[in-house]
Amino acid sequence: MLPDEGLLNYIVDRSHGCRHVTLIDPGKQSAEEATKRSIAAISAGSRMIFIGGSTDTPDEVVHETCKMIQEALELQIFASSQDPASDEDIWRVPVVLFPGGAHALSPAADGITFMMLMNSQIRRFLIEEQLKGAPYLHKFGVEAIPTGYLVFSPGGKVGEVGEADLIEPTQTELVNSYALTAKMYGFQILYLEAGSGASTQVDSKCIEAAREVDEICLFVGGGIRSSEQAAKAANAGANWIVTGTLTEDAANLQELSERISKVVAGAQSSSS
Ligand code: 1GP
């Protein structure tokens, strides 16, 4: 659900400290379950929903998931508007496509992180998937947020599929050059990714090296599960922390809420 200030303004706004994104892989649960998880995540303090992940999910499944989450958010806004004690704005949370390529797009999304996998070694993820996806996004009026995407060691599946020249923790100068390059391309977001389910999160020194480029909005994800890990990334300069596995392997909605509350608290504990 699009916030009043518009998607880009909402994303780059730093007045709320470091915020949390819940990544939902529409291929890993039904649209109903994805919707329940999204609502629980937002109640626990998550401020954006990303839809993406698996490479083989059909467009219909992605669309159904986006649509159902949007409808549930509308209902929550309506319910809150009937209750003077509740704040309907907490439900104005954008549902944004976080694609693995030109497939799995949906006009029901509020926008898309339109990404260049900057350290991919193959043309496909530097420009070809984008060429395929752009006419579709144009046709359906899905807002594209220019995003640089960098995959760090260990990198996981995205590192493999994207044939990324994985960045190691010592390569801080390189990270800074990528951040400058991203800025010069006009990218609004730089996403630092360790890979879904990564055993180690993106190194703080690398986040700091990217943070030196003040204008760019930094997303950090991959392997973050605890409040401490979230605080570490936030203190190094992340503007948004993304978690996916945390939600996927929660035994139930209660556990999901507790886990997200902790990560949100960690992210928000940062003074930066
Ligand atoms: C993956 O960065 C995200 O693209 C989230 O990673 O699944 O490890 O939370 P996790």
Side-chain angles (χ1 to χ4, degrees), residues 11 18-29 34 37-38 40-41 44-57 62 65 95-101 103-104 112-120 125 129 145 147-164 166-167 175 189-204 206-207 210 217-234 236-250 255-264 266-267:
I11 291 175
C18 178
R19 289 174 284 171
H20 177 260
V21 184
T22 294
L23 170 64
I24 300 274
D25 182 342
K28 291 200 175 154
Q29 72 273 277
R37 289 178 175 178
S38 301
S46 203
R47 302 310 300 150
M48 185 144 56
I49 303 294
F50 272 180
I51 302 291
S54 302
T55 41
D56 48 2
T57 315
V62 175
T65 302
V95 177
V96 174
L97 298 167
F98 174 63
H103 57 280
I112 181 169
T113 52
F114 193 70
M115 298 195 283
M116 176 193 283
L117 205 179
M118 297 178 80
N119 59 331
S120 174
F125 292 106
E129 291 291 326
I145 307 292
T147 301
Y149 191 44
L150 281 181
V151 184
F152 289 72
S153 185
K157 186 140 181 260
V158 68
E160 257 170 58
V161 175
E163 295 189 38
L166 297 177
I167 301 173
V175 175
I189 293 174
L190 183 62
Y191 190 129
L192 312 181
E193 169 77 87
S196 185
S199 50
T200 47
Q201 69 190 101
V202 175
D203 188 84
S204 292
C206 290
I207 302 174
C217 182
L218 277 186
F219 281 59
V220 177
I224 297 177
R225 299 185 64 89
S226 70
S227 177
E228 293 72 25
Q229 285 177 297
K232 203 169 158 192
N239 299 112
W240 290 87
I241 306 272
V242 186
T243 67
T245 307
L246 187 76
T247 302
E248 278 167 20
D249 66 12
E255 186 176 44
L256 182 158
S257 289
E258 287 164 9
R259 288 176 170 187
I260 290 185
S261 298
K262 284 185 191 150
V263 170
V264 168

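Order of appearance sets the numbers: ligands from 1, and atoms from 1 within every ligand. Worth saying up front: this structure is predicted, and the values here are computed from it rather than measured.
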Item to check | Candidate with minimal heavy-atom separation from atom 4 (O) of ligand 1, of E193, E248, Q229, R225 | outcome: E193
Next on the checklist: Just checking F98 against Y191, ring centres under 6.0 Å apart?
Outcome noted: yes
Item to check | Check: I224 N/O within less than 3.5 Å of ligand 1 N/O | outcome: no
Next on the checklist: For a side chain to side chain contact (heavy atoms under 4.5 Å, CB included) check, start with the C-alpha distance between F219 and I11, then their side-chain angles and the critical distance, and finish with the verdict.
Outcome noted: CA-CA 10 Å; F219 281 59; I11 291 175; 3.9 Å; yes
Checklist outcome for this item: All heavy atoms of N119 vs all of Y149, minimum pair found to be OD1-O, 3.9 Å
Checklist outcome for this item: Within 4.0 Å of some non-hydrogen atom of L23, the atoms of ligand 1 are 1 (C), 3 (C), 4 (O)
Next on the checklist: Only heavy atoms of G197, strictly under 4.0 Å: list the atoms of ligand 1 that pass.
Outcome noted: 7 (O), 8 (O), 10 (P)
Checklist entry - Which of the atoms of ligand 1 are close to T245, meaning less than 4.0 Å from one of its heavy atoms? => result 7 (O), 8 (O), 9 (O), 10 (P)
Next on the checklist: Before you tell me yes or no, could you show the steps for I260 and H20 under side chain to side chain contact (heavy atoms under 4.5 Å, CB included), namely the whole-Å CA-CA distance, both residues' side-chain angles and the distance that decides it to 0.1 Å?
Outcome noted: CA-CA 9 Å; I260 290 185; H20 177 260; 4.0 Å; yes
Checklist entry - Short list, please: which atoms of ligand 1 are under 4.0 Å from a heavy atom of G221? => result 2 (O)
Next on the checklist: Give me the atom names and distance for the closest heavy-atom approach of G148 to M118.
Outcome noted: CA-SD, 3.9 Å
Checklist outcome for this item: So the atoms of ligand 1 within less than 4.0 Å of a heavy atom of G222 turn out to be 2 (O), 3 (C), 5 (C), 6 (O), 8 (O)
Checklist entry - Would a 4.5 Å heavy-atom cut-off, applied to side chains only, mark F50 and W240 as touching? => result no
Checklist entry - In the protein, what heavy atom is nearest to atom 9 (O) of ligand 1, and what distance, to one decimal place, separates them? => result G244 N, 2.7 Å
Checklist entry - With the threshold set at 4.0 Å, does a side-chain nitrogen-carboxylate oxygen contact exist between E255 and R259? => result yes
Next on the checklist: Under 3.5 Å between any N/O of Y191 and any N/O of ligand 1: does that happen in this structure?
Outcome noted: yes
